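Below is one structure, written out as structure tokens; the observations come after it.
All of these numbers come straight from a predicted model, not from anything done at the bench. Just so you know, these numbers use all the heavy atoms, side chains as well, and skip hydrogens, waters and symmetry mates.
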Amino acid sequence: MESVKTQLELLRERIPYDEVEFETTIIYEETLKKLLEDSRYIALSLRFPYEDYYDYELPKKYYNWQLRCCEELYKLIGSTNIKSYSENGLSWTRDSANLSTNLVEQIEPMVGYIGSDENVL
């Protein structure tokens, strides 16, 4: 739990409170916590692609990765993700891409090997 508090403090520095976007500090704090949770599950699903990873802790070497992931996720949900905009017809397009390939490729997957079963021919 200590690492979550530290990560939350570091994330506050990267995504500052803006009362126009968040309205209240409660919404701001909950948003940051959800970003941390989502980024943790993304990292674990990339790291352990064939395992049930929900009980695993995120390795410390990925703490900075988690913060960068939160920033990218935040940009995907906000107005900063607008790709094109037109004035009178009022149409805009969001970039719907997921996390950057560069960020995803930084997670090293843990892949085991197929075990042998004596009963199988």
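Residue L73 comes nearest to S39 through the heavy atom pair CD1-N, 4.2 Å, listed as atom of the first residue, atom of the second, then distance. Taking both residues in full, the closest heavy atoms of W65 and A43 are given as CZ3-CB, 3.4 Å, listed atom of the first, atom of the second, then distance. Across all non-hydrogen atoms, the minimal contact from P109 to L46 is CB-O, 3.6 Å. What you find for I15 and C70 is that their closest heavy atoms are CD1-O, 4.2 Å. Between Y62 and E108 the shortest heavy-atom distance is OH-N, 3.1 Å.
The CG atom of N64 sits 4.5 Å away from the CZ atom of R68 when rounded to the nearest 0.5 Å. How far CG of L76 is from CG of L35: 10.0 Å, rounded to the nearest 0.5 Å. To the nearest 0.5 angstrom, Y17 atom OH is 6.0 Å from T24 atom OG1. One distance of note links CG of L11 with CD of E71; it measures 7.5 Å at 0.5 Å rounding. Here the straight-line distance linking atom OG1 of T101 with atom CD of Q106 works out to 11.0 Å at 0.5 Å rounding.
Counting heavy atoms from C-beta outward, R14 and Y74 have side chains that stay 4.5 Å or more apart.
Using modelled atom types, one side-chain atom of Q66 and one backbone atom of L36 make a donor-acceptor pair closer than 3.5 Å.
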Legend entry - Criterion side-chain contact (heavy atoms from CB on, under 4.5 Å) on Y56 and M110, from CA distance to verdict: CA-CA 13 Å; Y56 293 179; M110 294 289 294; over 6 Å; no
Inset, instruction - Start with the C-alpha gap between L8 and E29, add the side-chain angles, then the distance that decides, and say whether side-chain contact (heavy atoms from CB on, under 4.5 Å) holds. - result: CA-CA 9 Å; L8 189 59; E29 291 294 320; 3.8 Å; yes
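For the residue pair Q7 / R40, no side-chain donor-acceptor distance below 3.5 Å is found, with atom types taken as modelled.
In this pair, F22 and Y28 present their aromatic rings perpendicular. The plane angle is above 60°, beyond the 30 to 60° band.
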